[in-house]
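What you see is a predicted model; the values in this text were computed from it and never measured.
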Amino acid sequence: MSDDDLQQMYQEVILDAARAPHGKEHFLEDTRTQSLRADIDGHVNQTSAGDTSVLAEHEACLAAQSHQFNPTCGDEVTIHVEISQQEPHMVQRVVWDGQGCSISQASLSVMVDLVENQTVERAMKLSDDFHTLMESRGAGIHDESVEDDLGDAIVFRGVSRYPMRIKCALLGWVGLKASIAQALANMSDSDSQEGDFLALQRQSAFSNVKE
């Protein structure tokens, strides 16, 4: 794709996100979700479960969210994900709420289109590929299959030339990885608690037989 074509596509993506950003919602309070606060550099602090949380749509999923802030540009976003408990784990829902520059908002909109209804493994691969694109300093990724996978996200190649703008484009992707990691951690805790409960049941049944 030529630089002129890429620039035209970039403008279209920015305008589309400005008119109707995909996945953007105004969050409802719901204590069923858990929040994770982290800045763009990955410093994480736990927040209470009721902070700006979202009403979960999928009963069979575990939900988590991550709040991201980019002090350089003032972008701020909370990413909410719902991950299926059955394997392969699927990203069943991604929504976000926040404000920021046109780059961060467009990147979030494109990200939702790419990862929603994908496996967690594929979503993480897309995230890694987008990070690689942002580290290319405008050179892009010389792999047609990866470019095809990234779809509209490839238009942010030009953004990678400007270090101060890279964080804007990465903001949502950092939040995505953090929230998915939290959901999977919650899943592991839930499985562990279920295992402890079953062990207690077996122990109780064994004690009753002995008596």
Side-chain angles (χ1 to χ4, degrees), residues 17 20-40 42 44-69 75-100 104-131 149-153 170-201:
H22 302 171
K24 185 170 185 178
E25 293 190 4
H26 295 293
F27 289 168
L28 302 175
E29 288 194 5
D30 180 13
T31 57
R32 281 184 291 169
T33 60
Q34 293 194 17
S35 298
L36 184 69
R37 185 176 181 87
D39 64 23
I40 191 68
V44 176
N45 297 291
Q46 284 285 6
T47 63
S48 62
D51 289 351
T52 318
S53 53
V54 189
L55 188 64
E57 284 190 353
H58 299 278
E59 294 291 339
C61 294
L62 282 180
Q65 61 190 50
S66 170
H67 184 82
Q68 302 290 328
F69 176 64
D75 306 316
E76 190 166 7
V77 67
T78 299
I79 308 286
H80 168 94
V81 300
E82 294 172 25
I83 307 298
S84 66
Q85 298 191 54
Q86 291 186 338
E87 295 187 1
H89 301 304
M90 303 289 295
V91 182
Q92 297 284 19
R93 185 185 181 212
V94 182
V95 293
W96 58 276
D97 195 8
Q99 58 187 5
S104 67
Q105 305 294 284
S107 182
L108 279 157
S109 183
V110 169
M111 181 192 76
V112 170
D113 290 342
L114 285 174
V115 305
E116 198 165 55
N117 298 317
Q118 301 294 327
T119 64
V120 166
E121 182 179 4
R122 178 166 174 77
M124 292 298 93
K125 174 65 164 55
L126 289 167
S127 178
D128 290 342
D129 289 341
F130 189 74
H131 274 74
D149 287 344
L150 285 175
D152 286 350
L170 287 176
L171 188 73
W173 292 90
V174 172
L176 177 75
K177 292 188 77 169
S179 53
I180 288 178
Q182 183 62 41
L184 294 177
N186 293 344
M187 206 173 295
S188 296
D189 291 343
S190 177
D191 290 342
S192 177
Q193 290 172 5
E194 182 178 356
D196 292 343
F197 176 71
L198 291 175
L200 286 173
Q201 279 189 320

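With rounding to the nearest 0.5 Å, the separation of CG in D75 from CG in L170 is 11.5 Å. The distance from atom OG1 of T119 to atom CE of M90, rounded to the nearest 0.5 Å, is 6.0 Å. Rounding to the nearest 0.5 Å places CE of M187 at 9.0 Å from CD of E87. One distance of note links CE of M111 with CG of L126; it measures 11.0 Å at 0.5 Å rounding. Here the straight-line distance linking atom CD1 of I79 with atom CG of L171 works out to 7.0 Å at 0.5 Å rounding.
Taking both residues in full, the closest heavy atoms of A153 and V110 are given as N-CG1, 3.6 Å, listed atom of the first, atom of the second, then distance. Among all heavy-atom pairs drawn from Q118 and L114, the shortest one is CG-O, 3.2 Å. Between Q92 and E116, the closest heavy-atom pair is O-CG, 3.9 Å. Across all non-hydrogen atoms, the minimal contact from A63 to E82 is CB-CG, 3.8 Å. Listed here is the closest heavy atom pair of A64 and S179: CB-O, 3.4 Å. The nearest pair of heavy atoms linking W173 to S107 is NE1-OG, 3.5 Å.
Side-chain N/O atoms of H67 and E76 include a donor and acceptor closer than 3.5 Å. Using modelled atom types, one finds a donor on one side chain and an acceptor on the other under 3.5 Å when comparing S66 with Q68.
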Exercise. Under the side-chain contact (heavy atoms from CB on, under 4.5 Å) criterion, do Q65 and T78 qualify, and how do the steps go?
Worked result: CA-CA 7 Å; Q65 61 190 50; T78 299; 3.7 Å; yes
For this session: With side-chain contact (heavy atoms from CB on, under 4.5 Å) as the test, would you mind laying out the steps for L176 and V115 before giving the verdict?
Result: CA-CA 9 Å; L176 177 75; V115 305; 3.9 Å; yes
For this session: Assess whether side-chain contact (heavy atoms from CB on, under 4.5 Å) is satisfied between F130 and L150, documenting all intermediate values.
Result: CA-CA 7 Å; F130 189 74; L150 285 175; 4.3 Å; yes
Problem set entry | side-chain contact (heavy atoms from CB on, under 4.5 Å) evaluation trace for I83 with L62 | CA-CA 5 Å; I83 307 298; L62 282 180; 5.5 Å; no
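Contact check for D152 versus D113: no side-chain heavy atoms found under the 4.5 Å cut-off.
Between D128 and K177 a salt bridge is recorded (basic side-chain N to carboxylate O distance below 4.0 Å). Classification of D149 and R122 as a salt-bridged pair holds, one side-chain N sitting under 4.0 Å from a carboxylate O.
Side chain of K24 to backbone of G98: a donor-acceptor contact under 3.5 angstrom is found. Remark: side-chain polar atoms of H89 are paired, donor with acceptor, to backbone N or O of S84 under 3.5 angstrom. Side-chain atoms of W96 come within 3.5 Å of backbone N or O of H22 as a donor-acceptor pair. Here the side chain of S109 pairs no donor or acceptor atom with the backbone of Q105 at under 3.5 angstrom.
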